[in-house]
Undergrad: 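Got a structure for you, written out below as structure tokens; questions coming shortly.
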Amino acid sequence: MTDATSDRLAGATDRTRLDRLRAGLKRRHAKEARFKWYGRLAIAAAVLFLAILLVRIVEQGHTAFYTHTVTVPVYMDPARVDRAYPQGANFEQLAAEQQLARWGVQDDAAGRASAEMRGLFSSELKFVAADLVAKRPDVIGETVPLAAPLSDDADLYLKGEISKSTPEDQRRLTDRQIAWLERMQAEGVVGAHFNTALFTNGDSTQPELAGVLGAVVGSALMLMVTALIAIPLGVGAAVWLEEFAPKNRLTDIIEVNINNLAAVPSIVYGLLGLALFINWMHLPRASPLVGGLVLALMALPTLVIATRSSLKAVPPSIREAALAMGASRTQTVFSHVLPLAMPGVMTGAIISMAHALGETAPLLLIGMVSFVPGVPHAIDQPVGALPSLIYIWENASERAFHERTAAAIIVLLVFMIIMNAAAIILRRRFERRW
């Protein structure tokens, strides 16, 4: 074999090897590009599903943020309104009869027309009138304008949730009620405005009067109890396990159990709270105190794990430098390690609180599924919470509660967004400080 032939064979081998390398590199680049697109598609799918969820909630619940009010002149008939006891007067019947009389509509002996007209007014009308008479008894014998919400069915019709094309026997408003409602709207006595009652009222059996204030206050009180118990205990337990506890079988068992407790279904914590705090300790049922204790038990494992992860992220050189300068173990942990880990600790704490805020199953088991109309003023009073209120409203038979369910979900989401935003702000402040 000549030298020229050997050179040609060596050159061909090098080209073949180079082609193989280029082909392999091209396949690797293609795999990398596909992997990036898979990630982008996964993110796009997640964003799409989130957008669909939010759009559906907003679409169903945005109508709850405005309502319709009717203003009708009512003659305070002295023969039917008792100055000493105005609450006993049937103001709804008065308003209905006088409204029909102004239109020249004759009622029958059974009073069906006035009953249908009365069905367009909310029961709030009688409380508005009785309160006015109690404050100003001189209005008896005069004609005064009374403003009150429309009934839930009338409000739904004006929002387009009830269609006139639906057969009369399949809707809760009769054709005559719809005609009267449209006539009052044409006369300008019916108007739409922002539904302040949704944020200033507690729960109610009347959908047009129901609000989320009681549930928001109840959730805030529960989170206060949860934070006061879970954060000190969780951070303290994590610091001890990570920085001071000896590495032996006992601590290994504790760590395994903490990890297992973080995966326990929330309903189990509800059963534990029912047995421990209510049946054994006899704490007030359905109170923020019991709810906060149950949520604190549920948040503790997550908080311990998050805090330990933050402590592990602190470089060992920080500990070694502090100890080399003569600091004690306690001074090293609390003056150097824990402050540097604080951004992660605060993030884990607030995220665990936000997770506890959205839990429903434990609250149902400790009695927070019952109807609580007022606004609580102490942690030992019966109260509702936003998740349990959503559950109650969604299972209500009245159709108007369904739009309020979506509105309550929006309020809950805003609550959680605020908490997550607070976590981000606190984290950045601690990062800048240290």
Side-chain angles (χ1 to χ4, degrees), residues 220 222-266 268-269 272-273 276-277 289 292-359 416-434:
M222 279 196 306
L223 284 181
M224 181 185 69
V225 174
T226 302
L228 291 177
I229 295 174
I231 293 177
L233 290 179
V235 174
V239 169
W240 181 80
L241 286 172
E242 191 63 32
E243 302 293 338
F244 297 100
K247 305 302 179 183
N248 53 31
R249 184 176 295 273
L250 176 61
T251 54
D252 290 341
I253 293 174
I254 292 174
E255 290 177 7
V256 170
N257 281 288
I258 289 175
N259 293 330
N260 290 334
L261 286 173
V264 171
S266 60
V268 176
Y269 289 100
L272 175 63
L276 178 62
F277 300 126
L289 177 61
L293 289 170
V294 172
L295 295 180
L297 292 178
M298 189 184 67
L300 268 174
T302 304
L303 190 54
V304 171
I305 293 172
T307 303
R308 292 193 66 187
S309 299
S310 300
L311 293 172
K312 288 178 181 178
V314 177
S317 58
I318 300 295
R319 299 174 177 84
E320 295 168 358
L323 293 173
M325 294 298 293
S328 66
R329 188 69 176 271
T330 303
Q331 289 174 327
T332 300
V333 172
F334 290 98
S335 298
H336 300 278
V337 178
L338 189 57
L340 290 174
M342 193 56 67
V345 173
M346 295 301 300
T347 302
I350 296 180
I351 290 177
S352 64
M353 294 299 104
H355 178 255
L357 173 65
E359 285 294 337
M416 297 180 71
I417 290 172
I418 292 173
M419 294 184 66
N420 289 327
I424 294 173
I425 293 172
L426 288 174
R427 182 183 183 91
R428 289 180 177 175
R429 285 190 176 182
F430 274 102
E431 287 175 348
R432 291 172 183 173
R433 181 176 179 181
W434 297 97

Undergrad: Any side-chain heavy-atom pair from Tyr269 and Leu295 closer than 4.5 angstrom?
TA: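 Tyr269 does not reach Leu295 side chain to side chain.
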Undergrad: Measuring only between side-chain heavy atoms, which start at C-beta, is Phe244 closer than 4.5 Å to Thr330?
TA: yes
Undergrad: With a 4.5 Å cut-off on side-chain heavy atoms, are Leu297 and Val294 touching?
TA: no
Undergrad: Could you report the tightest heavy-atom contact between Pro301 and Ile258, atom names first, then the distance?
TA: CB-O, 3.6 Å
Undergrad: What are the two closest heavy atoms between Ala341 and Leu311, and how far apart are they?
TA: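 The pair with the smallest heavy-atom distance is CB-CD2, 3.8 Å.
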Undergrad: Mind checking what makes salt bridge (charged side-chain N to carboxylate O under 4.0 Å, His left out) contact with Glu359, not counting sequence neighbours?
TA: none
Undergrad: Would you call Lys247 and Glu255 a side-chain contact if the rule is heavy atoms closer than 4.5 Å?
TA: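 With C-beta onward as the side chain, the pair touches.
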Undergrad: Could you state the interatomic distance from CG (Leu357) to CD1 (Ile350), rounded to the nearest 0.5 Å?
TA: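 The distance works out to 12.5 Å.
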Undergrad: Using every non-hydrogen atom in the two residues, find where Thr251 and Ala245 come nearest and quote the distance to one decimal.
TA: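 The answer is CG2-CB, 3.8 Å.
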Undergrad: Spell out, as yes or no, whether a donor-acceptor pair under 3.5 Å connects the side chain of Ser352 to the backbone of Ala349.
TA: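 Yes: the side chain of Ser352 pairs with the backbone of Ala349.
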Undergrad: Measuring from atom CG of Leu300 to atom CG of Leu233, what distance do you get when rounded to the nearest 0.5 angstrom?
TA: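 Reported value, rounded in 0.5 Å steps: 6.0 Å.
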Undergrad: Specify the closest pair of heavy atoms between Val225 and Leu293, including all atoms of both residues, with the distance to one decimal.
TA: CG1-N, 4.1 Å
Undergrad: Taking side chain as C-beta onward, heavy atoms only, is Arg319 less than 4.5 Å from Arg329?
TA: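 Not in contact.
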Undergrad: Under a 4.5 Å cut-off applied to non-hydrogen side-chain atoms, are Val235 and Trp240 in contact?
TA: no
Undergrad: Can you give me the closest heavy-atom contact between Gly234 and Val304, atom names plus distance?
TA: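 The pair with the smallest heavy-atom distance is O-CG2, 3.6 Å.
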Undergrad: Looking only at heavy atoms, what is the nearest atom pair of Ala227 and Pro232, with distance?
TA: O-CD, 3.4 Å
Undergrad: Report the C-alpha separation of Ile351 and Thr347 in whole Å, then their side-chain angles, then the decisive distance to 0.1 Å, and conclude whether the side chain to side chain contact (heavy atoms under 4.5 Å, CB included) test is met.
TA: CA-CA 6 Å; Ile351 290 177; Thr347 302; 3.6 Å; yes
Undergrad: When rounded to the nearest 0.5 angstrom, what is the spacing between CG in Asn259 and CZ in Arg308?
TA: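 Going from CG on Asn259 over to CZ on Arg308, the span is 8.0 Å.
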Undergrad: To the nearest 0.5 Å, what is the distance between CG on Asp252 and CG on Asn257?
TA: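 That separation rounds to 11.0 Å.
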Undergrad: For the CE atom of Met353 and the CG atom of Leu223, what is their distance to the nearest 0.5 Å?
TA: 7.0 Å
Undergrad: Say you draw a straight line from CD1 of Ile229 to CE of Met224; how long is it, rounded to the nearest 0.5 Å?
TA: 10.0 Å
Undergrad: Stepwise, does the side chain to side chain contact (heavy atoms under 4.5 Å, CB included) test hold for Leu338 with Met342?
TA: CA-CA 6 Å; Leu338 189 57; Met342 193 56 67; 3.9 Å; yes
Undergrad: Within the structure provided, determine whether Met298 and His355 are in side-chain contact (heavy-atom separation under 4.5 Å).
TA: yes
Undergrad: Leu250 versus Ile254: any side-chain heavy-atom pair under 4.5 Å?
TA: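 They are in contact (side-chain heavy atoms under 4.5 Å apart), so the answer is yes.
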